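Predicted model only: the values in this text are computed from it and were never measured.
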2 protein chains.
Amino acid sequence: MTIGALARASGVGIDAIRFYERQGLLPKPARRASGYRDYPPATVQRLRFIRHAKALGFSLAEIGDLLTLSADHERGVEGIRRRAEDRLAALEQRIAELERVRDGLKTLIDACPGHGEPDRCPILRALGDECDDAAAVTAVAAVRR
Amino acid sequence: MTIGALARASGVGIDAIRFYERQGLLPKPARRASGYRDYPPATVQRLRFIRHAKALGFSLAEIGDLLTLSADHERGVEGIRRRAEDRLAALEQRIAELERVRDGLKTLIDACPGHGEPDRCPILRALGDECDDAAAVTAVAAVRR
DNA sequence: CTTGACCCTGGTCTCGGGTCCAGGGTCTAA
DNA sequence: TTAGACCCTGGACCCGAGACCAGGGTCAAG
C-alpha cells in the first residue's frame, strides 16, 4: 500500500509516518520503480501500536524500545511488563503532583472573596509571598518543591 | 540591585529574568552608567509571584495577564479569581484524563502474566489492536479519544 | 595593576513531535 | 492528453521556556 493509504488505514498523518521512519520506529519500506514507498499491510498494526502507546503516555523513544522488545521472543515479555510498570509509576507520581497543585489552588480560591481591594486578595498575596494569611501560606507552601 | 543579586534573592535564573523582560512580564529596569540593569527591591516579589504562578501551572502569557489584572484596582480581583477558577478546571480535566490512562495501563498490567510468548501478552495485543481479549480491549478503549 | 567575578548584547541551541513548503515526478480517469 | 490527486526530498518552522555562548565592558579586592 502507498503511504497515503497507510495513513488513512492507521489514523496517523503522512508526515508523521515519514518522521517515524526517520526515527527508526518503522523499518524502511520497499520502493516502487517510481520511488513511492510500498508498505506491507501489517504496518497498519504497527502504527496503531504506536498511536495507542502514545495515548498511554509513552514517548517515541520508549515506544521504539517496546517495539524492539516485542520482537524479542526470549526476554521480550518481561521487559514489556516492566516498562509498563515504570510508566504506571511515573503516571501516578504525576497525578499526585497535579493533585497537590489543585488542592493549593482550590484553597486559594475558597479564601478569596472575589471582590474588594487587590491587596486583600489572598491569591495575589500568596503568589507574592508577602502575607500572613494562613490559608494562603498553606496553599502555596503545598505547591513549592 | 543588580540582576545577579535579584536572581539570588528571587530564585529565578539570570537568563530567565532577561527573558521575562523581553516578554513584557517585568518592566524595563533603570540602567546604571555602565549599562548594568538596576532593580528596585520590590522586583523580588514580582519574580516570586511569577515563580509561584508557574508552579500552579499558569503559562507565562497567563501570568502576564494576572500581573496586569493585579494592577487594576477596579476590576482586578474578580478577574484574578475567574482566571484561577479556569486554571482549576483545566487542572481537574487534566487529572481526570491521566487517571483514565492510568486505569487502562493498570488493567493491562494486571492481565499480563509477565512471561510466555509475546503474542499472548495482553499489553502487546492491546496496543496492536488485533485482539479479542476483553480486558485489553476495555483498557485500550478507555484510552482512546 | 591585575585577577576574577560580574554584566552587556545578540545570537544560536535545546527538547518532542511533528507540520509545512518548494520544486519537482507519477498515476489515473475522463 | 490533460487535470487533479498523489508521491518524492530536503529543509525550514512551530510551540514554550529558557540555557548557553562569544566577544566584549565593569567593578572590587588584593
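Comparing the helix axis at one end of the helix from dC1(C)-dG30(D) to dA30(C)-dT1(D) with that at the other, each defined from 5 consecutive pairs, gives an inter-axis angle of 20° (nearest 10°).
A straight line from CG of Asp38(A) to C1' of dT26(C) spans 14 Å, rounded to a whole angstrom. To the nearest angstrom, P of dG17(C) lies 13 Å from CZ of Phe58(A).
Under the 4.5 Å side-chain criterion, counting only non-hydrogen atoms from C-beta, Arg37(B) is in contact with Arg18(B).
For residues 18-36 of chain B, proximity to DNA chain C is found at Arg18(B), Arg31(B), Gly35(B), Tyr36(B), defined as any non-hydrogen atom under 4.0 angstrom from a strand atom.
Salt bridge status for Arg94(A) with Glu97(A): present, with a side-chain N to carboxylate O gap under 4.0 Å. Electrostatic pairing of Asp65(B) and Arg83(B) counts as a salt bridge here, judged by a charged N lying under 4.0 Å from a carboxylate O.
The two residues Pro40(A) and Met1(A) come nearest to each other via the heavy atoms O-SD, 4.4 Å.
Taken from CG in Leu91(A) to CD1 in Ile95(A), the straight-line distance is 4.5 Å, to the nearest 0.5 Å. In this structure, CG on Leu25(A) lies 10.0 Å from CZ on Phe49(A), to the nearest 0.5 angstrom. The distance from atom CG of Leu66(B) to atom CD1 of Ile80(B), rounded to the nearest 0.5 Å, is 5.0 Å.
If you walk DNA chain D from 5' to 3' and mark each nucleotide with an atom closer than 4.0 Å to a heavy atom of chain B, the marks span dA17(D) to dC27(D).
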**Item:** Check against salt bridge (Lys or Arg N to Asp or Glu O under 4.0 Å), Glu92(A) and Lys106(B)
**Value:** CA-CA 11 Å; Glu92(A) 292 192 320; Lys106(B) 218 180 242 174; 3.5 Å; yes
**Worked check of salt bridge (Lys or Arg N to Asp or Glu O under 4.0 Å) between Asp103(B) and Arg100(B)** = CA-CA 5 Å; Asp103(B) 294 345; Arg100(B) 220 158 34 81; over 6 Å; no
- Starting from the C-alpha separation in whole Å, work towards a yes-or-no answer on side-chain contact (heavy atoms from CB on, under 4.5 Å) for Leu67(A) and Ile50(A). CA-CA 9 Å; Leu67(A) 287 167; Ile50(A) 293 171; 4.2 Å; yes
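For the pair Gly4(B) and Lys54(A), both in contact range of DNA chain C, the more 5′-proximal nearest nucleotide belongs to Gly4(B).
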